[in-house]
There are 2 protein chains.
Amino acid sequence: MVDEAAFPRPILTIDVILLTLGAEGLRVGLISRAGAPYAGRLALIGGYVHLEEDSDAEAAARRIVAAKAGLAHVFLEQLQTFSGRARDPRGWSATVAYYGLCPPGDLEGAKDVIFRSADNPGPLAFDHAEILAAALARLRGKGAYSTLPAFLLPPTFTLSQLHDAYERAMGQPINESAFRRKISELDILERVDGAFSRATARPAMLYRLRARTVQAFDRRI
Amino acid sequence: MVDEAAFPRPILTIDVILLTLGAEGLRVGLISRAGAPYAGRLALIGGYVHLEEDSDAEAAARRIVAAKAGLAHVFLEQLQTFSGRARDPRGWSATVAYYGLCPPGDLEGAKDVIFRSADNPGPLAFDHAEILAAALARLRGKGAYSTLPAFLLPPTFTLSQLHDAYERAMGQPINESAFRRKISELDILERVDGAFSRATARPAMLYRLRARTVQAFDRRI
DNA sequence: AGAATAGTGTCTCTCAGACAATATAGG
DNA sequence: CCTATATTGTCTGAGAGACACTATTCT
């Protein structure tokens with residue numbers, strides 16, 4: 001890093017790929033763009049960094065998700081930075097992309113957010129389709145050997161729900177007994193008092209994650 | 001991304017963690033800083049984005065590595081963006097970090113670059129120690145299930161050299177016969193005519209990577 | 001009792017690590 | 001032949017998938 005402070009500075013933005021679980025699989029939260037460019041197009045939840053307010057890019061992402069989707073607590077992880085002269089007609093820009101995972105129940109207050117199938121969201125503004133695809137690839141890659149999919153669930157959940165979250169996040173079936181075996185061997189969950197009861201079936205034990213952060217495993221789940 | 005073009009723009013830089021293989025393990029290429037801040041301290045190879053010249057951040061990274069380390073062809077992959085108010089005394093900044101892998105032989109022309117043990121490089125400028133640690137973690141994590149360590153070798157190599165590169169990159173022993181078995185099953189290498197001959201031992205067959213890009217595996221190597 | 005979901009036990013096949021055995025060069 | 005490195009073969013234990021079986025609640 002050499003001192004050449006006179007260089008023109010590029011535009012720096014933040015984009016959040018907000019993902020949640022729907023009945024059919026992953027869903028992504030989008031916002032309809034008010035102004036040009038791409039007015040009326042759906043876009044990822046994004047904004048500028050506020051230098052006085054935001055201590056770093058992740059703080060900016062949290063502020064933006066809170067402001068635009070009304071979400072106070074989201075699991076956020078940096079995905080990648082997308083940059084270049086071509087991606088925004090206003091000029092050379094860079095956006096630091098974060099993916100955010102949250103349980104479906106937390107999305108009541110997200111009035112302006114439109115949820116679409118993550119795998120088939122329709123046309124998006126800028127290079128957001130590419131960014132979304134990268135987020136899905138990361139989630140599916142990392143989900144196979146980490147607790148990432150658990151952050152798509154509420155704080156307490158049953159093993160069946162966890163299994164379901166893994167299957168829906170990964171988009172492929174996972175052997176159930178092997179899943180239970182591995183989860184219990186990995187010792188990443190702890191029992192919570194009470195049980196989750198459905199309409200017409202046996203109630204299941206409730207668990208929560210032992211750690212609040214993502215845990216990666218040696219082998220895939 | 002809302003239009004608020006009036007916002008002050010943060011400083012955006014690029015940093016490259018240039019890694020290569022030494023006898024003792026991984027080595028990182030550093031440059032002694034000429035000016036303030038951190039004058040005289042060792043720092044990662046970095047610089048500003050040139051908006052007219054660089055089509056995107058990776059192009060900027062390539063230009064910077066070519067200019068400061070004299071390397072025309074390096075394997076580069078984006079690591080992460082580090083940002084915040086505190087990391088640079090000159091103000092809120094963001095740096096897009098790339099790690100670069102290259103074979104030891106390519107480093108003849110890198111006059112200004114100082115190589116240090118990657119695991120113990122001594123004090124570095126800015127938050128570069130943290131960035132380097134993240135690069136090593138990524139290389140070791142991803143190296144276990146990809147062809148990443150092969151990019152620390154010249155274009156053609158023997159299986160023993162590849163095995164050695166994996167062990168040195170990962171910092172831990174790898175069972176040799178299992179390694180050979182997995183490599184051959186994965187079908188990522190192809191034979192090259194000729195053989196590599198040492199002083200006083202059996203010459204070994206030469207291989208090269210089938211694909212020019214990193215290949216990830218299902219299971220760890 | 002029967003339906004529906006939760007949870008367990010077990011069999012088999014594959015794969016990874018350990019390590020022995022064999023191969024091929026130079027001295 | 002001896003040494004050093006390369007390469008292959010085999011044995012064994014752990015783990016993953018398949019799937020049947022048991023458990024518990026509600027109607």
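Proteins come first, then strands; the chains are lettered A, B, ... in the order of their sequence lines, and each starts at number 1.
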### Task
Decide yes or no, distance alone: a donor-acceptor N/O pair under 3.5 angstrom between the base of C/dG17 and the side-chain of B/R181.
yes

### Task
Kindly point out which of C/dG7, C/dA16, D/dT7 is positioned nearest to the side chain of B/R219?
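Per side-chain heavy atoms of B/R219, the pick is C/dA16.
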
### Query
Where the side chain of A/K182 is concerned, which of C/dA6, D/dT7, D/dA16 is the nearest nucleotide?
D/dA16

Separation of [X] atom [atom1] from [N] atom [atom2], in whole Å?
{"X": "A/D164", "N": "C/dT5", "atom1": "CG", "atom2": "C1'", "result": "13 Å"}
{"X": "B/E185", "N": "C/dA16", "atom1": "CD", "atom2": "P", "result": "7 Å"}
{"X": "B/M205", "N": "D/dA6", "atom1": "CE", "atom2": "P", "result": "11 Å"}
{"X": "B/R180", "N": "C/dC19", "atom1": "CZ", "atom2": "C1'", "result": "15 Å"}
{"X": "B/L206", "N": "D/dT5", "atom1": "CG", "atom2": "C1'", "result": "15 Å"}
{"X": "B/L162", "N": "D/dA6", "atom1": "CG", "atom2": "C1'", "result": "14 Å"}
{"X": "B/I221", "N": "C/dA16", "atom1": "CD1", "atom2": "P", "result": "9 Å"}
{"X": "A/Q161", "N": "C/dT5", "atom1": "CD", "atom2": "P", "result": "13 Å"}

### Message
I want to know whether A/Y166 and A/F179 have ring centres closer than 6.0 Å.
### Response
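Distance test on ring centres: under 6.0 Å, yes.
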
Will you find, in the side chains of [X] and [Y], an N or O donor that is under 3.5 Å from an N or O acceptor?
{"X": "B/S93", "Y": "B/R87", "value": "yes"}
{"X": "A/S83", "Y": "B/D56", "value": "no"}
{"X": "B/E77", "Y": "B/Y99", "value": "yes"}

#### Entry: B/N175 side chain near C/dA18 phosphate (N/O to OP1/OP2, under 4.0 Å)
yes

#### Entry: Any B/R202 side-chain N or O less than 4.0 Å from OP1/OP2 of C/dA23
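For C/dA23, neither OP1 nor OP2 has a side-chain N or O of B/R202 closer than 4.0 Å.
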
### Message
So A/E176, base contact, sugar-phosphate only, or nothing? Heavy-atom distance under 4.0 Å.
### Response
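Touches nothing.
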
### Summary
Comparing B/S177 with B/S160, nearest DNA chain D nucleotide closer to 5' gives the residue B/S160

### Task
Taking all non-hydrogen atoms of both residues into account, name the closest pair between B/I183 and B/L162 and its distance.
CD1-CD2, 4.0 Å

